[in-house]
Amino acid sequence: KGSLWYLRYPIEGSPGEFIIVATTRPETMLGDTAVAVHPDHPVYGPLIGKRAILPLVGRSIPIVGDTYADPEKGTGAVKITPAHDFNDFEVGRRHDLPMPSVLDRQANVTLDEIADVLAALPGVADPDFVRTLAGQSRFAARSAIVAELERLELLEKIEPHTNQVPHGDRGGVPVEPLLTTQWYCNAGVLAKPAIEAVETGKTVFVPKQWENTFFAWMRDIQPWCISRQLWWGHRIPAWYGPDGTVFVAKDPDGAAAQARDHYGRDEPLVQDEDVLDTWFSSALWPFSTLGWPENTKEVTRYYPGDVLVTGFDIIFFWVARMMMMGLHMMGDVPFRTVYIHGLVRDERGQKMSKSRGNVIDPLELIDSYGADALRFTICALTGPGRDVKLGASRVQDYRGFVTKLWNAARFCEMNGMQPDPTFDPGAVTLPLSRWLLAETNAAILDATNALEAYRLDEYAAAGYRFVWNTFCDWFLEFAKPLLAEGANPADAAEIRGVGAYVLGQILRLLHPAIPFVTEELWDRFGYGEPCSLIGTAWPAPVAVPGAEQARAELDWVVRLITLVRSVRAEMNVPPSKPSPILLQGASTESIGRVDRWIEAIRRLARASDVSALTTDVPKGSAQAVLDETTIVLPLEGLIDIAAERARLAKERDKLAADAKKTAQKLENADFVSRAPEEVVAENRDRLEAALAEIARLQAALDRLGN
RNA sequence: GGGCGCGUAGCUCAGCGGUAGAGCAUCGCCUUCACACGGCGGGGGUCACAGGUUCAAUCCCUGUCGCGCCCACCA
């Protein structure tokens, strides 16, 4: 929040007439060298060509016409201080104005460059006053100048004004534009090939939307100031002769040769003390690290690179500049793909900052949860083009997964699942083996596709799901009876083989995200030479005979077990009270499946026995529908019949509501005629299945009586 | 002022034309011989709002509101 000061500048040769300028920075008026007005301005336009007297200083300055002056802003006339304002600088260049600096490097007033123009004009300018300003801070000078103008009745008015002023991120004080001599790079020339390379797909951004950001910057690129007043960095390759003539060359010898040509003899040269902008040097990184400018083996082999992984905040600074430099110096793009990820932020989404104190120290997270947990967490949370909100609790969550993997492997070890180099996945015979291998194939495809699409989150999720939900929750549980004492030794051997094989595939699949634990397990199980996991081939799907049949069967068994568990839990039947499972109306296929999986069903569904129901449904039974079969759990005395009735009715009503919607859809002639056949067929099947299940549920309800 | 992105379950986020998903959190049951950093089961969403396109919209289009960021401006 500041003020807008309206200053009266007397018009030369017209006593008593003023041109009024509005300014937020009255202290810079010492350096004014013109007043600009819009050529079409109704009041001030005619003044173009006349001159004004700069108050306090007494200098005569031109009133120039320039479209930069906005008739709508301030008074429509604007004071021009070329040395301390970017726009004024441009106006100054257009009108060939002097550009005296009136602030020094400490942003204190300096009169060095205007000392010889100070003039005494009674009532307007007083060199003695101006000289008191020398060395004062810009803030003190502002107060003094405003007071003096007020005393001289050259201050029209003051209005409150809010504007945005850039502040330095270190000192926190307003930044002061200052005229200095710097080296520039003609970035416009370099930008063209870089823009073309992205337009033609020679370099691709992932996600693609970032190409817009790249184009926006590149198509409006400004001359690049490449000199910095620092001591660390590549030094500016420019040398000065005794008379200040500059020689730009690759090295001192080149500069000396140029100087010899220029002077006709050798002259001592002094190199510019400035260094290159760090981003200029960084722009060379893709090839300077490979030994450039020598044509090394590494340059040949590794330029251009494959993928650049970086954050969006650095597209302008680094990516764009590497593109420009690579194309200019090497004649080819520096990388084929630019993978742009989000920023890691704190748990509340705030950008990390030392001063805010919300910096997450990865070493602390590693100490608490492990490097693998941290790595997997970031992997899992990295959505496309999205920032990652990271906090200890998120890492803690995924540590559970790493532990799960470790414990699963421990179980495998305890059950003798040792890797066997002669194991042939195509030769397995058990449905469980075939099912597991088919699921493994699917997981490998999911993970591979995700990685190829740079979807690290999907890759992590695919691994998570497969290990936890498929391998641990179902495979290992189904395997337990087959590995138990007294089980068929041949079956047990096959399960051990397939388990060890799939664990090996899991370790390979997860190694990029969980490097330490997978390597440890790889070594511990002896899958290969110690520390060889990193060099092992990426897993590929294998042919699995009878996969479809095995998947259909296991899928059915899983659904049966889940259904029974669900009914028991909802009816509050404690695990300590197993019950028989009776199947009513089961097909011979279903009966066969039950026979083959009897041990697993007993164990996982808390069943005392499983058999086909040949008599009436026993009194007090819970019931559920699985395809053509009605599952009957005789639990008389253990369940509340009213609750069971309510549960079945709820199921029936939910299905009925769905069926109604589907039926309505199918009654819509437009839908049937315009929707794709598959979709119509799918809806017909859905309706049919729903109606059949409703009928079975209703029958179950009827059996319960009142 | 210009541009980009985001608003989906309590939280963090996927999905992006065919009847809403995950993880965590929550609730209930379970100290079952890999794992309580665990197992099983449940509840929870008019997919920001308003129009439009379509047989069908969380998904496409237009607009509105809210949030974040980038660039420009800074009399």
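Residue numbering restarts at 1 for every chain, and letters A, B, ... go by the order of the sequence lines.
- The pairing partner recorded for U58(B) is none, the criterion being a Watson-Crick or G-U wobble arrangement whose two distances lie under 3.5 angstrom.
- Side chain of N407(A), nearest nucleotide from G41(B), C35(B), C37(B): C35(B).
- Among the atoms of the strands shown, only primed sugar atoms or phosphate atoms (P, OP1, OP2) are found under 4.0 Å from some heavy atom of R410(A).
- Contact annotation: W468(A) side-chain N/O to G39(B) OP1/OP2 distance is under 4.0 Å.
- Closest contact between the side chain of P575(A) and the listed nucleotides C30(B), C40(B), A75(B) involves C30(B).
- The side chain of R386(A) contributes no N or O atom lying less than 4.0 Å from OP1 or OP2 of C69(B).
- Counting non-hydrogen atoms under 4.0 angstrom, D313(A) reaches nothing in the nucleic acid.
- Using a 4.0 Å heavy-atom criterion, one finds that V679(A) contacts the bases of the nucleic acid, with or without backbone contacts as well.
- Atom CD of E458(A) is separated from atom P of G23(B) by 15 Å (rounded to the nearest Å).
- The same atom, C1', is picked in G45(B) and in A14(B); the two are 15 Å apart, to the nearest Å.
- Residue E570(A) has its side chain nearest to G41(B) when only G41(B), A75(B), C35(B) are considered.
- One can place CD1 of I378(A) at 16 Å from C1' of C13(B), the figure rounded to the nearest angstrom.
- Looking at heavy-atom distances under 4.0 Å, C472(A) makes contact with a base.
- Remark: C49(B) base-pairs with G63(B). Criterion, Watson-Crick or G-U wobble with two distances under 3.5 Å.
- OP1 or OP2 of G42(B) sits under 4.0 Å from a side-chain N or O of S566(A).
- The ring pair (Phe, Tyr, Trp, His ring centres under 6.0 Å) test with F401(A) is passed by exactly one of Y464(A), Y369(A), F466(A): Y464(A).
- For the pair L343(A) CG and G68(B) P, the computed distance is 16 Å after rounding to whole Å.
- G5(B) and C60(B): their P atoms are spaced 12 Å apart (whole Å).
- The side chain of A22(A) sits closest to A75(B) out of A75(B), C24(B), U19(B).
- R568(A) places a side-chain N or O within 3.5 Å of a backbone atom of P574(A) that can act as its donor or acceptor partner.
- Closest to the side chain of K73(A), out of C40(B), G15(B), A75(B), is A75(B).
- A gap of 42 Å separates the P atoms of G51(B) and G28(B), to the nearest Å.
- The aromatic ring centroids of W597(A) and F478(A) lie less than 6.0 Å from each other.
- The base of A34(B) sits within donor-acceptor range of the side chain of E477(A), with an N or O pair under 3.5 Å.
- One atom, CZ of F86(A), and another, P of C73(B), lie 8 Å apart when rounded to the nearest Å.
- With C70(B), G15(B), C24(B) as the choices, the nucleotide that has an atom nearest any side-chain atom of D397(A) turns out to be C24(B).
- F214(A) comes within 4.0 angstrom of nothing in the nucleic acid, heavy atoms only.
- Residue K650(A) has a polar side-chain atom (N or O) positioned under 4.0 Å from OP1 or OP2 of G43(B).
- Between the NZ atom of K480(A) and the C1' atom of G39(B) there is a distance of 9 Å, given to the nearest Å.
- Side-chain nitrogen and oxygen atoms of R394(A) include none within less than 4.0 Å of the OP1 or OP2 phosphate oxygen of A25(B).
- Taking the side chain of L476(A) as heavy atoms from C-beta on, and the options A34(B), G18(B), G39(B), the nearest nucleotide is A34(B).
- Base pairing of G28(B) is made with C40(B), judged by Watson-Crick or G-U wobble geometry with both donor-acceptor distances under 3.5 Å.
- For Y464(A), taking side-chain heavy atoms from C-beta onward, the closest of the listed nucleotides C35(B), U19(B), C24(B) is C24(B).
- Here the P atom of nucleotide U19(B) and the CG atom of L666(A) are 13 Å apart, to the nearest Å.
- A donor N or O paired with an acceptor N or O is not found under 3.5 Å between the base of U12(B) and the side-chain atoms of K389(A).
- Using atom C1' as the reference point in both C49(B) and A22(B), the two lie 27 Å apart (nearest Å).
- Positionally, the nearest nucleotide of RNA chain B for G383(A) lies more toward the 5' end than for the other of G383(A) and P574(A).
- If V672(A) and N572(A) are placed on RNA chain B by their nearest nucleotide, the residue sitting closer to the 5' end is N572(A).
- Judged by distance alone, the side chain of S566(A) and the main-chain N or O of T562(A) form no donor-acceptor pair under 3.5 Å.
- In plain terms, the two heavy atoms of I581(A) and A605(A) that are nearest each other are CD1-CB, 4.3 Å.
- The base-pairing partner of A20(B), taking Watson-Crick or G-U wobble contacts with both distances under 3.5 Å, does not exist among the strands shown.
- Of the candidates C30(B), G41(B), A75(B), the closest approach to any side-chain atom of A569(A) belongs to G41(B).
- Checking side-chain atoms of R565(A) against main-chain N and O of R606(A) turns up no donor-acceptor pair under 3.5 Å.
- With salt bridges taken as basic N to acidic carboxylate O contacts below 4.0 Å, none links R603(A) and E599(A).
- Whole-Å rounding puts the Q664(A) CD to U19(B) P distance at 16 Å.
- Using C1' as the reference atom, A9(B) and U46(B) are 14 Å apart when rounded to the nearest Å.
- With Y6(A) as the fixed residue, the side-chain hydrogen bond (donor to acceptor under 3.5 Å, both in side chains) test singles out one of K157(A), E156(A), E159(A): E159(A).
- When distances run from any side-chain atom of F316(A) to the nucleotides G39(B), C70(B), C37(B), the shortest one goes to C70(B).
- To the nearest whole angstrom, the two P atoms, one in U12(B) and one in U31(B), are 36 Å apart.
- Residue R647(A) places none of its side-chain N or O atoms closer than 4.0 Å to OP1 or OP2 of G42(B).
- Among H84(A), K79(A), R142(A), the one residue that satisfies the side-chain hydrogen bond (donor to acceptor under 3.5 Å, both in side chains) test with T28(A) is K79(A).
- Straight-line distance between the P atoms of G3(B) and A72(B): roughly 16 Å, to the nearest whole Å.
- Distance Y398(A) OH to C37(B) P: 18 Å, rounded to the nearest Å.
- Remark: K351(A) is not in phosphate contact with C69(B), judged by side-chain N or O atoms under 4.0 Å from OP1 or OP2.
- T213(A) comes within 4.0 angstrom of no nucleic acid atom, judged by non-hydrogen atoms across all strands.
- Between the P atoms of G10(B) and U26(B), the separation comes to 15 Å (whole Å).
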